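Report on the following structure.
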Amino acid sequence: MGIVVQKYGGSSLADADAIKRVARRIVDIKKAGHDVVVAVSAMGDTTDDLLDLANGVSPLPPAREMDMLLTAGERISMALVAMAISDLGFTARSFTGSQAGVITDSVHGKAKIIDVTPGRITQAIGEGHIVIVAGFQGVSADTKEITTLGRGGTDTTAVALAAALEADVCEIYTDVDGVFTADPRIVPSARKLDTVSYEEMLELAACGAKILHLRCVEYGRRYGIPIHVRSSFSQLEGTRVSNDARPDAQPDLQPTGTTQGDTMEQPIIAGVAHDRSEAKITVVGVPDKVGEAARIFEALADAQINLDMIVQNVSAAATSLTDISFTLPRTDGQSAMSALARIQAEVGYDKLLYDDKIGKVSLIGAGMRSHPGITSKFFGALASAGVNIGMISTSEIRISVIVDEASVDDAVRATHTAFDLDADEVEAVVYGGSGR
Ligand code: ADP
Ligand code: ASP
Ligand code: MG
C-alpha cells in the first residue's frame, strides 16, 4: 500500500502521554500495511517559550542563532516520538529537516522550501522503519545554514514531503476537528467544513486562520496533494482541502441535484478569519512626486519585508504631501522602521507612526464573485457591533478590514452571525492547545 504522510502539531504532542497516544496512532497506520512518514512540531508552547528565552537574553537576537535555537524544539519531539514508537515494538528513525533533504533558500526565520531530496527517508522506509521528520526546518543550499520556515511551518514540511514521496494524501493532525467557518476559540458555534477549495483555504490561511500554514496550501495546490485536516484527539473525519468546490457550508444555497465538485453555484461564504499578528506603519508627509512611493517600498523590499494592505491619502499635515500607510507582520515592525528611518533625508518625509494595536478581520468565499451586496452586509454587521473600520482591502473572493485589536472578537462574531454561519446545535470542540 502507499505512503501516508502525517503531521502532528505541538498541541497534539504536549506531554509524554500525548506523545505515547500519537505513537499509537502512527503504529496503527503501519499495522494497516502503509509506509508512514510523520512530520512533527515542537511540544506544546515550546517554540514560544524558546522565543521568550531568546528575547530575555538579547533584544535583537541574530537570525541565524534564532533558527539554531528554534529548530531544537522539533528535534526534541522527533526523538521522543521515535522512542515511544520503539516502545510499541516498531522501529522508527528520526531525521532533522536537513537530514531529511528539506532544502530551502537562505532567509532565516521565513525560508522557502526549494527542493526536497528524500534519499534517507526512502532508504529508511525501504528498511521497514517508520520515519519521523522534524518539521519547520531545512538547510540552505547556498549558505549550508540551518533555516526555519516561519511560524506554523511544520504543515508545509508535511505537504512538501507528501509531494516529494508522491503520497496519496497528507493528513494534518491538530487540536480541532478540521477547518471551521471561524476560529472555534472565538466562535464556539462555528461549523466544520467537510471540504474547502485550495483557493478559499489560501485566502483563509493568508488572513490569519492559523489552522494551516499558507505555504502548505500553496504547495498542496501546486503539486495536487489533497490535505486532510483533522483532530488527533478524535477519530472523526476532518476537512478535505482539494480542488473541489465546497458544497457543504450552506446546503440550502445549493441547487438541488448538485454533487461534490459541482461549481455551478457555490455557497457564498467559506468563513471569517482574523489576524492579530500585524502592525501598521504610516509614513507622514511624503512629497507628492513621481518615484517617492517606489523608493519607500524598495527600502522595505531590500529588508525582506512582506507588506499586506497599502493605502495612500492626501496628507492631514499639508497639501502637496501624502501619507502612505501599510500593514506588515509585527515581527518585522522594528526592521521596517529602521529601514525607513535610513531613507528619511532622501525621501524627505515628515515622520513615521507605528501602531501594533490593530487586528484584521476577513470574510472569504468563492461565491462572492457572483453575489452583490456582500460588502454592505459585512460593513453593516461591523457597524451594528460598534466596530470602526480603519483600512479596507479586497480580492475577488475576500474582503478584509483593519480594526482596533480590542474589537476583533466582536467583529468576527458579528460577521459570522450576519452571514448565517452559526451552527444550530453542536458546539465546536477545542481539544487542547493554549491558543498561543
Ligand atoms: P497545531 O499545534 O496543531 O499546529 P495550531 O494552533 O497551529 O495547531 O492551529 C490550530 C488552531 O487554529 C485551532 O486550535 C484554532 O484555534 C485555530 N484556528 C484559527 N482559525 C481556524 C479555523 N477557521 N478553523 C479551525 N481552527 C482555526
Ligand atoms: N513549532 C513551530 C511553531 O510553533 C512550527 C509549527 O508548529 O508548525 O510555529
Ligand atoms: Mg500550526
Side-chain angles (χ1 to χ4, degrees), residues 6-14 18 22 39-52 66-67 69-78 97 109-111 133-138 147-160 171-188 190-193 196 200-201 203-217 227 229-233 238-239 241 249 269-277 331 361-365 408-409 412 416 421 428-436:
Q6 302 188 324
K7 176 255 172 171
Y8 291 90
S11 48
S12 301
L13 300 164
V22 163
V40 289
S41 293
M43 294 171 67
D45 289 332
T46 300
T47 307
D48 288 298
D49 295 341
L50 292 173
L51 280 167
D52 290 347
M66 197 59 136
D67 277 356
L69 179 70
L70 295 187
T71 49
E74 271 67 15
R75 282 184 77 142
I76 294 173
S77 301
M78 73 178 195
K110 47 185 169 190
V133 178
F136 157 74
Q137 56 182 273
T147 54
T148 60
L149 309 180
R151 300 304 309 270
T154 305
D155 299 336
T156 301
T157 304
V159 175
E171 296 184 314
I172 305 281
Y173 284 95
T174 184
D175 56 10
V176 289
D177 282 314
V179 180
F180 284 77
T181 47
D183 185 342
R185 285 178 206 269
I186 295 187
V187 185
R191 293 189 211 178
K192 192 188 80 183
L193 302 171
V196 65
E200 288 175 324
M201 194 62 231
E203 292 278 11
L204 284 165
C207 292
K210 69 172 183 151
I211 183 78
L212 283 180
H213 193 228
L214 173 61
R215 286 209 300 282
C216 121
V217 190
I227 302 170
V229 183
R230 55 196 308 193
S231 168
S232 72
F233 297 82
T239 301
V241 188
I269 302 301
V272 186
H274 71 280
D275 191 348
R276 284 182 233 266
S277 69
T331 44
V361 177
S362 305
L363 185 65
I364 289 137
V408 167
D409 289 11
V412 171
H416 197 266
L421 295 171
V429 184
V430 178
Y431 297 92
S434 63
R436 202 175 159 186

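These numbers come from a predicted model, not from an experiment. For ligands, and for the atoms within them, numbers begin at 1 and follow the listed sequence. These numbers come from the heavy atoms of this one structure, side chains and all, not from hydrogens, waters or symmetry mates.
A heavy-atom distance below 4.5 Å is found between the side chains of M66 and L51. At a threshold of 4.5 Å between non-hydrogen side-chain atoms, the residues Y173 and K7 do not count as touching. Side chains of E74 and S41 form a contact here, defined as non-hydrogen atoms less than 4.5 Å apart. Counting heavy atoms from C-beta outward, D183 and V412 have side chains that stay 4.5 Å or more apart. In this structure the side chain of V40 never reaches within 4.5 angstrom of the side chain of T154, judged on heavy atoms. Taking the side chain as every heavy atom from C-beta outward, T174 and I211 approach each other to under 4.5 Å. You'll find the side chain of R151 reaches within 4.5 Å of the side chain of D48, heavy atoms only.
Both the backbone and the side chain of K210 come within contact range of ligand 1, each with a heavy atom under 4.0 Å. With a 4.0 Å heavy-atom cut-off, ligand 1 is reached by no atom of M43.
Between the side chains of D67 and T147, no donor N or O sits under 3.5 Å from an acceptor N or O.
Heavy-atom proximity to G178, at under 4.0 Å, picks out these atoms of ligand 1: 24 (N), 25 (C). Taking every non-hydrogen atom of S11 and a distance limit under 4.0 Å, the qualifying atoms of ligand 1 come out as 1 (P), 2 (O), 3 (O). Distances below 4.0 Å separate heavy atoms of A209 from the following atoms of ligand 1: 20 (N). The contact set between ligand 1 and F180, taken as ligand atoms under 4.0 Å from a residue heavy atom, comprises 22 (C), 23 (N), 24 (N), 25 (C). Close approach to V179 involves these atoms of ligand 1, each under 4.0 Å from a residue heavy atom: 24 (N).
Of the candidates V176, V187, T174, the one placing a heavy atom closest to atom 3 (O) of ligand 1 is T174. In the candidate list T239, I211, V412, I211 is nearest to atom 12 (O) of ligand 1, counting heavy atoms.
Assignment of P184 to the shell around ligand 1 is supported, since a heavy atom sits closer than 4.0 Å. Within the 4.0 Å heavy-atom cutoff, G152 does not count among the residues contacting ligand 1. No heavy atom of S12 sits closer than 4.0 Å to any atom of ligand 1. Heavy atoms of V430 come nearer than 4.0 angstrom to ligand 1 in no pair at all. Residue contacts with ligand 1 leave out A428, since none of its heavy atoms falls under 4.0 Å from the ligand. The shortest heavy-atom distance from K7 to ligand 1 is under 4.0 Å.
Listed for the T239 side chain is no donor-acceptor partner under 3.5 Å among the backbone atoms of V229. The closest donor-acceptor contact from the side chain of R215 to the backbone of G150 lies at 3.5 Å or more, if one exists at all.
In terms of polar-atom proximity, G10 is counted as a contact of ligand 1, with an N or O under 3.5 Å from an N or O of the ligand. Checking only distances, T181 never comes within under 3.5 Å of ligand 1, N or O to N or O.
Protein residues lining ligand 2, listed by chain and number: S41, A42, T47, E74, F136, R151, G152, G153, T154 [non-hydrogen atoms, distance under 4.0 Å].
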**Request:** Might you work through the salt bridge (Lys or Arg N to Asp or Glu O under 4.0 Å) test for R185 and D409, ending with a clear yes or no?
**Result:** CA-CA 10 Å; R185 285 178 206 269; D409 289 11; over 6 Å; no
**Request:** Check step by step if side-chain contact (heavy atoms from CB on, under 4.5 Å) holds for I269 and T181.
**Result:** CA-CA 8 Å; I269 302 301; T181 47; over 6 Å; no
**Request:** List the steps, then state whether side-chain contact (heavy atoms from CB on, under 4.5 Å) holds for I172 with I227.
**Result:** CA-CA 7 Å; I172 305 281; I227 302 170; 3.6 Å; yes
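Shown are D155, T157, T156; of these, the side chain to side chain donor-acceptor pair (under 3.5 Å) with H213 is made only by T156.
Nearest protein heavy-atom neighbour of atom 11 (C) of ligand 1: D175 OD1, 3.9 Å. With hydrogens left out, the protein atom closest to atom 15 (C) of ligand 1 is D183 OD1, 3.2 Å, a heavy atom.
Partners of S12 by side chain to side chain contact (heavy atoms under 4.5 Å, CB included), not counting sequence neighbours, listed by chain and number: Y8, V22, S232, F233.
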